[in-house]
Amino acid sequence: MAKNSKVFVSCFIGALILASTAAYAEPSRDSNAGGNILTMAVAWKQTAAEYRALYYQGFNLAAQKVKAALETRGSGGKPLAVLTDLDDTLLLPLNYWGALIGSGKDFFDDAIWDNWIPKHEMIAAPGALDFLNYCKEKGVEVFYVTNRDQGKDTYDLALESIKRLGFPYADRDHLTVLIETSNKENTQRAIAEKVEVVCYLGDSLNDFKRVYYVQDVDERIALMEKDKALFGDRFIIFPNPTDGHWIRAIFGESEPPASDENRQKFKEAAMKNKAEL
Ligand SMILES: [Mg+2]
C-alpha cells in the first residue's frame with residue numbers, strides 16, 4: 001500500500017472510532033451547557049408575530065382609552081395627555097440584541113449599548129406611530145419620559161431618535177430624559193399637574209409607579225397584583241423578555257455582569273416553579 005493510502009486508511013479508521021464515540025457518548029448532564037442564555041428571548045423578539053401583536057394590542061387599548069376620555073371630557077378641564085416610556089415601549093432596539101447574540105454576549109452590555117445608541121437604529125414599535133399620530137390629530141398631548149445615560153449627548157440623542165421616526169411632540173417641552181435616576185415619579189407628578197393623564201405606557205412596572213421598584217421577586221409580583229385592575233386600563237404594558245427591572249429583582253441590579261455566578265442565578269430563577277420528574 002502506498003504511503004498516502006496507508007494514511008487514508010488510518011484516518012478513515014480514526015474517523016470511524018471518533019464517530020462511534022460521539023454516537024455513544026454520554027449525553028451532557030446539562031443540555032444548556034455552553035449555550036447562550038439570551039438566545040431564546042432575543043429570538044422571540046426578532047421573530048414572533050405574537051411579540052408584534054402585543055404592541056398592537058397595547059396601542060389599540062390606549063387608543064380606546066383616549067377615545068373614551070375625549071367623549072366623556074367635560075368642558076373647562078385640564079387638557080388630556082398620554083405619558084409614555086421610550087425604549088421597548090415606542091422604540092425597539094432589535095438589531096442591538098442581534099449584535100449581542102452574534103458576538104457571543106449573554107448579558108446586556110452597557111458599552112456596546114452606548115456605542116450603538118448614536119447610530120439611531122431603533123425602529124418604531126408596531127402601531128406606535130399610528131397611535132401617536134391619532135393623539136396628535138385629536139389634540140391629546142404625548143409626554144415622553146425615559147431614563148438613559150450616554151453622557152453629555154444623552155438628551156440630544158434621545159430627542160433625535162424620536163424626531164427621525166417622525167413622532168409628534170418631539171420637542172423639549174414633551175421629552176424628559178432622566179440621567180441620574182430611573183425614578184420617574186417627580187416628572188410624572190409635574191406633568192399631571194398641568195394635564196389629565198389618560199394612560200401610562202411602558203415595558204417596566206417602574207414606568208407606572210416607583211413603588212414597584214423593589215429587589216424581591218415575590219414582593220414585586222405581590223405589589224403588581226394589588227394593582228391588577230389598572231393593567232390594560234390606566235397602565236398599558238408592553239413585553240420585554242430581555243431587560244428591565246424584572247432582571248434587577250433577580251440579580252439586585254438591572255445590568256448584572258456576565259459571570260458564571262449570574263448564569264447560575266438565571267438558571268435558579270428559571271426553576272422557581274419546578275415539578276418532580
Ligand atoms: Mg423601557
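Ligands are counted one by one from 1 in listed order, and the atoms in each one are counted from 1 as well. The chain is numbered in sequence order, starting from 1.
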Open item on the list: Report whether any nitrogen, oxygen or sulfur of D85 sits less than 2.8 Å from the Mg ion (ligand 1) (N, O or S, backbone or side chain).
Closed with: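 Yes - counting backbone and side chain alike, D85 has an N, O or S atom under 2.8 Å.
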TODO: Taking both backbone and side-chain atoms into account, decide whether D87 has an N/O/S atom under 2.8 Å from the Mg ion (ligand 1).
DONE: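 So D87 does bind the Mg ion (ligand 1) by this criterion.
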Open item on the list: Within the 3.5 Å criterion, strictly below it, is a donor on N36 or K105 matched to an acceptor on the partner's side chain?
Closed with: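 Per modelled atom types, N36 and K105 side chains form no pair under 3.5 Å.
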Do the ring centers of [X] and [Y] come within less than 6.0 Å of each other?
X: Y213; Y: H245; value: yes
X: F167; Y: F131; value: no
X: F59; Y: F238; value: yes

Task: Which atom of D203 approaches the Mg ion (ligand 1) most closely (N/O/S) - done: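 Going through the N, O and S atoms of D203 one by one, OD1 ends up nearest to the Mg ion (ligand 1).
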